[in-house]
Amino acid sequence: MFLYVFRRLLTAIPTMFVIVTLAFFLIRVAPGGPFNQERGLSPEIKANLEAQFGLNDPIWLQYVNYLKNLLHGNFGPSYNLPDFTVTELFANGLPISVQLGLSALVLALAVGTVLGIVAALNQNKLGDYSVIALATAGSTIPTFVIAPVIQLLFGLTWKLLPIGGWGDGAWINKIGPILTLSLPQIAIVARLMRGSMIESLRSNHIRTARALGLSDWSVVVKHALRGAVLPIVSYAGPAAAALLTGSIIVETIFAIPGIGRYFVDAALNRDYTLVMGTVVVIALFTIAFNLIVDILYAFFDPRVRYD
Amino acid sequence: MAGETILSVKDLRVRFRTLDGVVEAVKGIHLHVDAGETVAVVGESGSGKSQTMMAAMSLLASNGEATGAVDYRGKNLLTLGKSELNKVRGRKISMIFQEPMTSLDPLYTIGNQLMEPIRKHRGLSGAAARAEALRLLELVKIPDPERRLKSYPHEMSGGQRQRVMIAMALANDPDILIADEPTTALDVTIQAQILTLLAELQRKLGMAIVFITHDLGIVRRFADRVYVMRYGEVVEEGKADELFANPQHDYTKMLLAAEPTGRKAPPAANAPILLEGRNVEVEFKIGGGFLAGPPMLLRAVDRISIMLKQRQTIGIVGESGSGKSTLGRALLRLLPSQGTIRFGNKDLSKADRADMRPLRRELQLVFQDPFGSLSPRMTVGQIITEGLLVHEPSLSSKERDNRAVEALREVGLSPETRNRYPHEFSGGQRQRIAIARAMILKPKVVVLDEPTSALDRSVQKQIVELLRKLQADHDLSYLFISHDLAVVRAMSDYIIVMKQGKIVEEGPTEEIFGAPREAYTKTLMAAAIDETKFRQSA
């Protein structure tokens with residue numbers, strides 16, 4: 001197992017290299033640069049700025065320099081938020097996005113799994129239909145509708161929650177964003193869980209467990225559930241990577257200072273260093289969570305062995 | 001030592017709600033089981049034999065329902081509450097199933113799964129249950145039981161898993177053991193071992209056994225009494241000896257006569273050699289990759305030489321994993337292999353895919369699984385004429401249609417069926433379609449990979465007869481791959497016995513069956529055609 005993890009971490013290095021290289025050149029293929037703004041800078045100032053950030057160097061030199069800095073953990077300065085380095089921006093924003101994302105993920109897994117099991121055990125009965133209806137609604141209503149509705153009802157009408165803002169991390173400020181983030185995930189997890197639980201309950205070893213006179217609890221929880229969570233584990237990996245790196249919609253609507261908005265803002269502004277930083281963070285999260293999923297898989301399923 | 005009646009099924013009906021309406025799988029049957037006796041419920045697929053026992057154990061699928069009564073010592077199992085029922089299931093009546101590979105929970109150790117019903121029904125402590133589990137593994141003769149307690153199901157063979165299933169079923173000393181086709185998925189030698197074990201355990205523990213099977217050979221050697229089922233009804237019942245000696249119902253007579261009969265004469269001595277393999281070798285790589293070291297090599301076929309003459313049928317027999325299917329595929333160049341393969345006067349060893357394509361029509365393959373090998377989205381006509389589009393592209397659609405009609409007639413299907421889809425046909429009919437698909441190209445060599453294994457005995461017999469007729473009509477050569485010795489004997493004039501990729505023994509059919517030389521062949525023959533009883537009748 002140790003060797004396997006070591007091997008996976010080693011293969012992550014070329015993967016990261018390819019991602020960084022692709023992203024570096026792709027963002028430079030896009031027309032314009034960080035200092036082509038609407039109002040336009042005077043040519044002298046623009047030239048000065050470009051010289052200062054090394055943007056006049058041949059592109060291969062820029063690339064080599066970027067890689068060098070990256071290896072030292074230096075993401076460089078943000079071009080559009082000149083008072084901050086990219087590292088500082090992430091140091092401030094990432095913990096906020098991770099907090100919200102992780103809470104939403106845990107909530108989604110807990111609620112979604114239970115709903116899925118309830119649906120599977122009541123297949124084609126009322127309980128099942130209600131869960132399916134809920135799940136369909138949850139996955140079809142977009143977050144940019146859910147978020148304002150939560151603000152309207154809980155913030156304005158009932159005055160239970162603040163409408164937005166981070167409030168220095170007060171828990172009451174987190175409820176709205178977490179709910180918004182988790183609702184679609186609850187829907188997806190519930191549907192996945194329902195499907196895999198139904199399949200699991202039909203399998204031959206469940207018939208054996210019933211024939212042996214084991215209790216319903218043992219049949220459902222010990223024997224059916226353990227096999228049925230595997231698809232959820234698979235789904236949770238990429239979902240975690242996506243949730244923990246922030247959501248532009250939720251963070252914009254609730255005015256949360258996370259990192260979700262950076263990706264889009266930076267790409268639109270050709271803020272090369274910030275785009276690259278975001279790419280690296282998302283790629284690292286994705287690689288890490290996929291590795292965690294594979295390790296969990298081996299934990300849940302003894303047939304999976306990595307040696 | 002037959003005693004009082006402990007289980008009696010009265011007017012049992014089982015219905016399933018399906019998209020096509022309600023289907024009645026069991027139509028009001030009566031049967032009973034006495035203490036300590038062995039009852040066989042015999043029938044072909046769809047006879048309702050399994051559903052009868054599933055209903056008795058409340059294990060029907062969620063769209064099924066049972067009416068009538070299943071009395072176990074005065075309690076009607078059909079109306080018993082869940083917790084009362086669970087005091088009978090696994091305690092007084094237990095069950096083993098056909099699929100040893102999937103009937104154990106893959107995620108828990110053997111020990112864990114064995115101890116669970118012991119603790120549940122007898123309330124033993126962990127340590128006591130563990131000792132009991134160990135004793136049970138010894139009882140079913142699993143080697144190294146101490147270590148096996150910590151094994152997972154996937155680390156064991158099918159035969160061993162079935163032994164574990166038996167251990168679980170017998171854990172609480174039940175009155176009745178229901179065995180639903182317990183050996184059908186196993187190799188013949190393993191099958192004999194499991195049946196011997198069951199007979200021995202019955203002698204030791206004295207439980208009654210209800211044996212659900214399609215295999216009359218097993219019934220003859222195992223059962224005291226027999227119920228013959230067809231279409232959800234019991235058509236005949238009686239003592240095994242009497243029923244076999246003097247069957248009353250036509251259906252029973254048909255079943256008894258369903259063993260494939262007849263022998264195939266060898267081809268003329270001067271018949272040309274069609275397909276020849278010399279020192280054929282197939283290796284599979286297992287594992288390996290980045291930082292994982294070199295892959296392990298598994299030699300599935302180990303330097304095998306074979307000569308197939310015109311109108312000859314070579315039977316290749318062996319247990320699962322012996323490499324017999326791999327050999328068949330290698331000879332058709334469907335797998336990369338070492339050694340020389342010649343077809344007529346052409347050397348196929350160096351032929352690539354493009355070289356092989358024109359030869360494919362003469363080298364055809366028919367698979368075991370008549371359900372998986374026909375595309376569900378194509379009509380029968382499209383399926384069987386697909387090869388013509390490749391090999392005889394100049395045919396007009398009218399000509400293709402004529403060929404389809406001709407091919408379907410040859411395999412005994414009505415030509416009107418060509419616009420229907422595979423799911424509308426039974427297993428035997430589908431296998432006929434698969435054969436028609438091969439025959440329409442007018443091949444010279446056909447590799448038949450277990451073509452009858454998924455079929456009922458009576459249907460097997462028809463397919464064997466069909467294949468023999470087609471061979472005689474078209475001068476075909478067959479490579480007949482099967483683990484079923486009765487069918488092989490009826491089909492082949494020459495036999496190759498394989499084990500672990502090597503030829504153990506080969507020779508003309510009657511020699512191999514009449515006087516096997518090698519110990520392995522003898523075991524195989526004994527397991528398949530021996531008629532001695534596993535147990536004495538009660």
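No hydrogens, no waters, no symmetry mates; every other heavy atom, side chains included, goes into these values.
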- Item | Ring-face cation of A/R28 near A/Y63 (centre distance under 6.0 Å, axis angle within 45°) | no

- May I ask you to check whether over 12 heavy atoms, not counting those of B/R73, lie within 6.0 Å of atom CZ? yes

- Item | Six-ring centre of B/Y72, B/K92 cation under 6.0 angstrom, axis tolerance 45° | no

- Do you know which of A/L134, A/L115, A/V114 makes side chain to side chain contact (heavy atoms under 4.5 Å, CB included) with A/I186? A/L115

- Query: Between B/M57 and chain A, which part of the residue has a heavy atom less than 4.5 Å away: side chain, backbone, both or neither?
  - Reply: side chain

- When you look at CD of A/E199, are more than 12 heavy atoms from neighbouring residues, nucleotides or ligands closer to it than 6.0 Å? no

- Message: Counting only non-hydrogen atoms closer than 4.5 Å, does B/L85 touch chain A with its backbone (N, CA, C, O), its side chain (CB onward), both, or neither?
- Response: neither

- Task: Give, as side chain, backbone, both or neither, the part of B/M101 having an atom under 4.5 angstrom from any heavy atom of chain A.
- Result: neither

- Query: chain A heavy atoms under 4.5 Å from B/L59: which part of the residue, side chain, backbone, both or neither?
  - Reply: side chain

- Go through B/T109, B/L107, B/N172 and name the one with the most non-hydrogen pairs under 4.5 angstrom from chain A. B/L107

- So which of B/P106, B/P117, B/S94 has the biggest tally of heavy-atom pairs under 4.5 Å with chain A? B/P106

- Message: Please identify, among B/H121, B/M95, B/E155, the residue contributing the most non-hydrogen atom pairs under 4.5 Å to chain A.
- Response: B/H121

- Message: So for B/K87, is it side chain, backbone, both, or neither that comes closer than 4.5 Å to the heavy atoms of chain A?
- Response: neither

- Taking atom types as modelled and ignoring hydrogens, do the side chains of A/T11 and A/R8 form a donor-acceptor contact shorter than 3.5 angstrom? no

